[in-house]
2 protein chains.
Amino acid sequence: MLSYTEENYLKALLKLSFQNEAKPEAGTNEMAAHLGVKPATATDMLKKLKEKELVNYKKYGKILLTDSGKQQAIAILRKHRLWETFLYEKLDFSWDEVHEVAEQLEHIQSNKLVDKLEEFLGFPEFDPHGDPIPKANGDMPKVEKILLSEVKEGEVCWVVAVKDTSTVFLQYLEKLEITIGTPIKVLERIDFDGSMSIQISDQEARNVSMKFAENLFITLHQR
Amino acid sequence: MLSYTEENYLKALLKLSFQNEAKPEAGTNEMAAHLGVKPATATDMLKKLKEKELVNYKKYGKILLTDSGKQQAIAILRKHRLWETFLYEKLDFSWDEVHEVAEQLEHIQSNKLVDKLEEFLGFPEFDPHGDPIPKANGDMPKVEKILLSEVKEGEVCWVVAVKDTSTVFLQYLEKLEITIGTPIKVLERIDFDGSMSIQISDQEARNVSMKFAENLFITLHQR
DNA sequence: AACATTTGTTAGGCAAGTCTAACTTTTATA
DNA sequence: TATAAAAGTTAGACTTGCCTAACAAATGTT
Ligand SMILES: [Mn+2]
Ligand SMILES: [Mn+2]
Ligand SMILES: [Mn+2]
Ligand SMILES: [Mn+2]
C-alpha cells in the first residue's frame, strides 16, 4: 500500500515521462519543481521508491519508473481522470475546477469504487481536458494530436485537448467559446511573432498569440 | 485546515457524544479505543485540539467539543453520510460496503463538491443505515427511534436504522430480508434470555436474540 | 479511611516527510 | 582542458502522529 505522498511522486514521474516522448527519464530538480518540494526532498523519496522497486535510480543517474511503478502510476492517473469526468459530467463543475478536487479523489483506495465509477460514467474514453482515460488493465489509447501552432494556412482542425490546464487558460478558452471538439480554421500565420488569425466555429476571424497556439492540441481528422 | 487525523478525532468525539444523550462527554480510553490508538496518543492529540479551541479539556477532566469543534465534526459526518448514500444509490454498493470507502471520502476538502453531491442525490435525509444526514447549515433532523428490544408483545413497528453497522450484522439482516422500512411484528418476548419471536414483513415467525433486538432501531409510527 | 483498580498523563523514542546549508558530481562554456 | 554553472546529494533539524514504559490521579471496594 502506497502513501498519498508516494503516489504523488509516481504520478509526477509518469507525467514527466509523457513530456518528452523520446527521453522518458526525469531529473531531480524537475520532479521537485513539479511537486512543489525542494530537490533534497525528492532525492530522499527516490531512495525510498527505489527500495520498493518502483523506480530505477542510481546516484546522479537518470530516473525511470519500473514496470511496477508505471503500472501503479497509471492506476492513479486513471482515477484522476475518471473523477474529473464525474465532476464535470455529473456535478456540473467547470473544466477549470475539476483538477484540484480530483487531486484529492485520485488517492481513494478501492478497486470496486473506480470500476463502478467508470461503469456509472458509461466507460468514458477522454476526460474533460481531452486526455485519454486508462482502462482497468492499464491500456491507454494513444491519441494522435498536434499543436495548433503546427497547422498550415487554410487547414481546418478540431480541438482534442489542452496542454496548459491552468485556470487562466481554460477560462480564456471558455470566453472564446472553445471546448473539446470545436472546429478551428487557420486563416493566416504571422511569421513575425508566431501569432495566427483563426476562425473558431462560425465566429468572425480573430488573432491568437503563439503562446496560445502552442497550448492547444488539435487533430486534422474529426474525431 | 484540519488534518485527516484531526478530523477523525473530532468525528469520534461527536459519535461518542451521541451515545449517551445525558452525558455527552467522552473519556480518553474510550476515544483511543474508538480510533484504534493508545490512550497516550489520544492525550497528545487532545492537547493539540485544545490549543486550536476545538475541544474543552483540562487534565484528568471531561472532554467536550467546543461549538466550533462540533460544527466541524458535523460537517465531516455530513460528508460521510452523503458519500455512503452516493455509493449505495448510484454505484450499487451494498450497505455493508459503503462505510469503509466513505471513511476515506469524508476527508475530501471542497464545499462545492459536497453541496453539489447533495443536490445530485436529491437532498437525501437519511443514509443507507437510516442515520440522518446533516444539512449544509449543520441542522440534523432529530429522529425518534427506539430499540426493537423495547417493543411490547403484539405491537407492529418499522425498521428505521441499525445501531451496529458491522458487516456480520448487516449481512445477517440481508439474509433475513430486513432493510430500512421493513415492518416487524413482535409476537412474543422471552423473559428468560431477552430473545423474542418476531414476524418480518409477511414471513413466518422467527426467533431473534436479545443482542439482535438491541441493535435494531425501529419506530412505532411508519415513516 | 486504606487499599486496589481503573483511568489518564508524561517522558522519551521512532518513522514519514519536509526543510536549509553545505557539499559533490556532472555538464556547459571559455 | 580548465573553470564556472547547474544539477544532485548529504547531514542535521523540525513537525506530526504514533508507540511503550513509568508515573499520577480518580474512583471503587471493603
Ligand atoms: Mn487534472
Ligand atoms: Mn484532466
Ligand atoms: Mn459509515
Ligand atoms: Mn452510515
Side-chain angles (χ1 to χ4, degrees), chain A residues 1-13 16-17 19-20 22-65 69 72-73 76 103-104 106-107 109, chain B residues 1-13 16-17 19-20 22-65 69 72-73 76 103-104 106-107 109:
Chain A
M1 187 105 315
L2 299 177
S3 74
Y4 185 108
T5 309
E6 289 169 326
E7 291 195 342
N8 281 334
Y9 279 86
L10 291 186
K11 196 178 53 140
L13 282 169
L16 292 173
S17 84
Q19 276 178 13
N20 273 11
K23 62 166 173 61
E25 68 283 354
T28 304
N29 287 357
E30 202 182 4
M31 256 186 89
H34 197 266
L35 288 160
V37 298
K38 300 293 167 180
T41 308
T43 301
D44 286 347
M45 180 59 85
L46 283 171
K47 286 193 265 187
K48 267 196 292 181
L49 294 178
K50 180 208 168 87
E51 213 48 50
K52 296 192 176 184
E53 300 190 42
L54 296 164
V55 297
N56 285 320
Y57 164 69
K58 255 176 267 166
K59 258 215 276 191
Y60 297 104
K62 294 297 178 206
I63 305 161
L64 267 176
L65 286 169
Q72 307 219 39
I76 300 158
E103 278 298 312
Q104 300 178 60
E106 72 190 359
H107 300 288
Q109 311 264 318
Chain B
M1 187 104 319
L2 298 176
S3 73
Y4 185 108
T5 310
E6 289 169 326
E7 290 195 343
N8 281 334
Y9 278 86
L10 291 185
K11 196 177 56 138
L13 283 169
L16 291 173
S17 84
Q19 275 177 14
N20 272 11
K23 61 167 171 57
E25 68 284 355
T28 305
N29 287 358
E30 203 182 4
M31 255 186 88
H34 197 266
L35 288 160
V37 298
K38 300 294 168 179
T41 308
T43 300
D44 286 347
M45 181 58 86
L46 284 171
K47 285 191 265 188
K48 265 196 294 180
L49 294 177
K50 180 210 169 88
E51 213 48 49
K52 295 190 177 185
E53 300 190 46
L54 296 164
V55 297
N56 285 321
Y57 163 68
K58 254 177 267 169
K59 261 216 273 192
Y60 297 104
K62 295 296 176 205
I63 305 162
L64 267 176
L65 287 168
Q72 308 218 38
I76 299 158
E103 278 298 312
Q104 299 178 60
E106 73 190 359
H107 300 289
Q109 313 256 264

- Message: Regarding B:Tyr4, tell me which of base, sugar-phosphate or nothing describes its non-hydrogen contacts under 4.0 Å with the strands shown.
- Response: nothing
- Query: With a cut-off of 6.0 Å (strictly less than), are more than 12 heavy atoms of other residues, nucleotides or ligands near CD of A:Gln109?
  - Reply: yes
- Query: Counting side-chain heavy atoms from CB outward, which of C:dC19, D:dC18, C:dG8 is closest to B:Thr5?
  - Reply: D:dC18
- Task: Under the side chain to side chain contact (heavy atoms under 4.5 Å, CB included) rule, what do A:Glu6 and A:Lys52 come out as? Steps first, then yes or no, please.
- Result: CA-CA 11 Å; A:Glu6 289 169 326; A:Lys52 296 192 176 184; 2.8 Å; yes
- Nucleotide C:dT9, atom C1' - distance to CG of B:Asn29 in whole Å: 11 Å
- Task: Starting from P on C:dC14, measure out to NZ on B:Lys38 and report it in whole angstrom.
- Result: 19 Å
- Query: Taking only side-chain nitrogens and oxygens of A:Tyr9, does any of them come within less than 4.0 Å of OP1 or OP2 of C:dT18?
  - Reply: yes
- Query: Whole Å only: how far is the CD atom of B:Glu30 from the P atom of C:dT6?
  - Reply: 16 Å
- With heavy atoms under 4.0 Å as the rule, sort A:Lys62 into base, sugar-phosphate or nothing. nothing
- Hey, what do you get for CG (B:Leu16) to NE2 (B:His34), rounding to the nearest 0.5 Å? 5.0 Å
- Can you check the A:Leu46 CG to D:dA7 P distance for me, whole Å? 16 Å
- A:Val37 side chain, from C-beta outward: closest of C:dT18, C:dT9, C:dG17: C:dT18
- Message: Applying a 4.0 Å non-hydrogen cut-off, can you work out what B:Ala42 is touching in the nucleic acid: base, sugar-phosphate, or nothing?
- Response: nothing
- Without swapping roles, check the side chain of A:Glu51 against the backbone of A:Lys48 for a donor-acceptor pair under 3.5 Å. no
- Note on the structure: note: A:Tyr57, atom OH; D:dA7, atom P; distance rounded to Å ~ 16 Å
- Query: Between A:Lys59 and A:Ala40, who's closer to the 5' end of DNA chain C by nearest nucleotide?
  - Reply: A:Ala40
- Query: Between atom CG in A:Leu49 and atom P in D:dT9, what is the gap in whole Å?
  - Reply: 13 Å
- Query: Does OP1 or OP2 of C:dT10 have a side-chain N or O of B:Lys47 closer than 4.0 Å?
  - Reply: yes
- Grab the CG-C1' distance between B:Asp44 and C:dG13 for me, whole Å please. 12 Å
- Message: What contact category does A:Thr41 fall into here, base, sugar-phosphate, or nothing, at under 4.0 angstrom with non-hydrogen atoms?
- Response: base
- Query: Heavy atoms under 4.0 Å, any strand shown: does B:Thr43 hit a base, just sugar-phosphate, or nothing?
  - Reply: base
- Distance, rounded to the nearest Å, where A:Met31 contributes CE and D:dT9 contributes P: 10 Å
- Message: Please determine whether a side-chain nitrogen of the Lys or Arg among B:Lys11 and B:Glu103 lies less than 4.0 Å from a carboxylate oxygen of the Asp or Glu.
- Response: yes
